[in-house]
Amino acid sequence: MTAQNRLRRDAERNHETIVTAAIAVLADAPEATMADIAAASGIGRSTLYRHFPDRQSLIAAIYARVFAEAGEIVRARLDAGVTGDPIEVLVDLVISLAGLGDRYRFLVNHEEHLHAKEANDGWRRRMPLRSYIDRAQAAGTLRDDLPADWLSLVLGRLIAAAARHEFADAQARRASVGATVRSLLTPA
């Protein structure tokens, strides 16, 4: 292993350590400082600032983590649900994605990053939800009186709202979100 490869691996490990620590710290104290995050990560402030010159860049990295996790959930749920009832597959998908809100609720204070055009465009390009809805509509298992792009947009907004909402417990989230998705997607 070359010295450059070691440095690159150290930098990747430091980046990961900082992001992971920031998620934990901000979940408990959304207004925590960069110094608080550096202390929790066990990495010096100068190293933290080399990776993230300001709070916005750190929050953007956390959003990138959220989008990556969400993409994994989407792929896993849609791949596993190829032969299942599309409505129940989408109920499970929306509930699973809404569950990310439990871990990342502190990001509500930083929603300007979520609405950044490049983040939304990248997310939409990677998300296979629209094509899944198209296929289910063509098979007659989802309502087809509304366009797939509209349904996928509404489901996306529902996911965001459910992620922000503090349900009494996981069962309450499952019941509320499930009923909403079923009422939206069930053929007339």
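In this structure, Ile37 and Phe52 have side chains that are not in contact, with every pair of non-hydrogen atoms separated by 4.5 Å or more.
Residues forming a ring-ring contact (aromatic ring centres under 6.0 Å, His included) with Tyr104 (at least two apart in sequence, or on another chain): none. Under the side-chain contact (heavy atoms from CB on, under 4.5 Å) criterion, Ala35 pairs with Thr33, Arg45, sequence neighbours left out. For Arg50, the salt bridge (Lys or Arg N to Asp or Glu O under 4.0 Å) criterion is met by no residue, not counting sequence neighbours. Every side-chain hydrogen bond (donor to acceptor under 3.5 Å, both in side chains) that Asp54 has, sequence neighbours left out, goes to Ser57. Asp169 is linked by a side-chain contact (heavy atoms from CB on, under 4.5 Å) to Gln171, Ala172, counting only residues two or more places apart in sequence or in another chain. Residues satisfying the side-chain contact (heavy atoms from CB on, under 4.5 Å) test with Ala98, not counting sequence neighbours, are Ala162, Arg173. A search for side-chain contact (heavy atoms from CB on, under 4.5 Å) contacts involving Ile73 returns Arg77, Leu93, Ser96, Leu97, Leu100, not counting sequence neighbours.
Here the straight-line distance linking atom CD1 of Ile43 with atom CG of Asn14 works out to 4.0 Å at 0.5 Å rounding. Considering OG1 of Thr17 and CD of Glu12, their distance stands at 11.5 Å, rounded to 0.5 Å. The CE atom of Met34 lies 5.0 Å from the CG atom of Leu58; values are rounded to the nearest 0.5 Å. Atom CG in Leu90 sits 11.0 Å away from atom CD1 in Ile95 (nearest 0.5 Å). Once rounded to the nearest 0.5 Å, the distance linking OG1 of Thr47 with NE2 of His15 reads 13.5 Å.
Across every non-hydrogen atom of Pro86 and Ala136, the tightest pair is CB-CB, 3.8 Å.
Here ring pair (Phe, Tyr, Trp, His ring centres under 6.0 Å) pairs that include residues 159-188, with residues two or more places apart or in two chains, are His165-Phe167. A side chain to side chain donor-acceptor pair (under 3.5 Å) check over residues 137-148, counting only residues at least two apart or in different chains, returns the pairs Arg143-Asp145. Pairs of residues two or more places apart, or lying in two chains, never qualify as ring pair (Phe, Tyr, Trp, His ring centres under 6.0 Å) while including a residue from residues 169-188. Residue pairs meeting the salt bridge (Lys or Arg N to Asp or Glu O under 4.0 Å) criterion with at least one member in residues 62-71, sequence neighbours excluded, are Glu16-Arg65, Glu69-Arg103.
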Donor-acceptor contacts under 3.5 Å from residues 180-188 side chains, at least two apart:
from, atom 1, to, atom 2, distance (Å)
Thr180, OG1, Ser176, O, 2.8
Arg182, NE, Glu88, OE2, 2.8
Arg182, NH1, Gly178, O, 3.2
Arg182, NH2, Glu88, OE1, 2.9
Ser183, OG, Ala179, O, 3.3
Ser183, OG, Thr180, O, 2.9
Thr186, OG1, Arg182, O, 2.5

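The one candidate from Leu146, Leu142, Asp134 that meets the side chain to side chain contact (heavy atoms under 4.5 Å, CB included) condition with Leu151 is Leu146.
Using a distance-only test at 3.5 Å, with no hydrogens or angles considered, a donor-acceptor pair links the side chain of Arg105 to the main chain of Ala163. Remark: the backbone N or O of Leu107 is paired with a side-chain donor or acceptor of Tyr63 at under 3.5 angstrom. A donor-acceptor contact shorter than 3.5 Å links the side chain of Ser152 to the backbone of Asp149.
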Please walk me through it: do Arg130 and Leu153 pass side-chain contact (heavy atoms from CB on, under 4.5 Å)? CA-CA 9 Å; Arg130 163 73 191 276; Leu153 177 66; over 6 Å; no

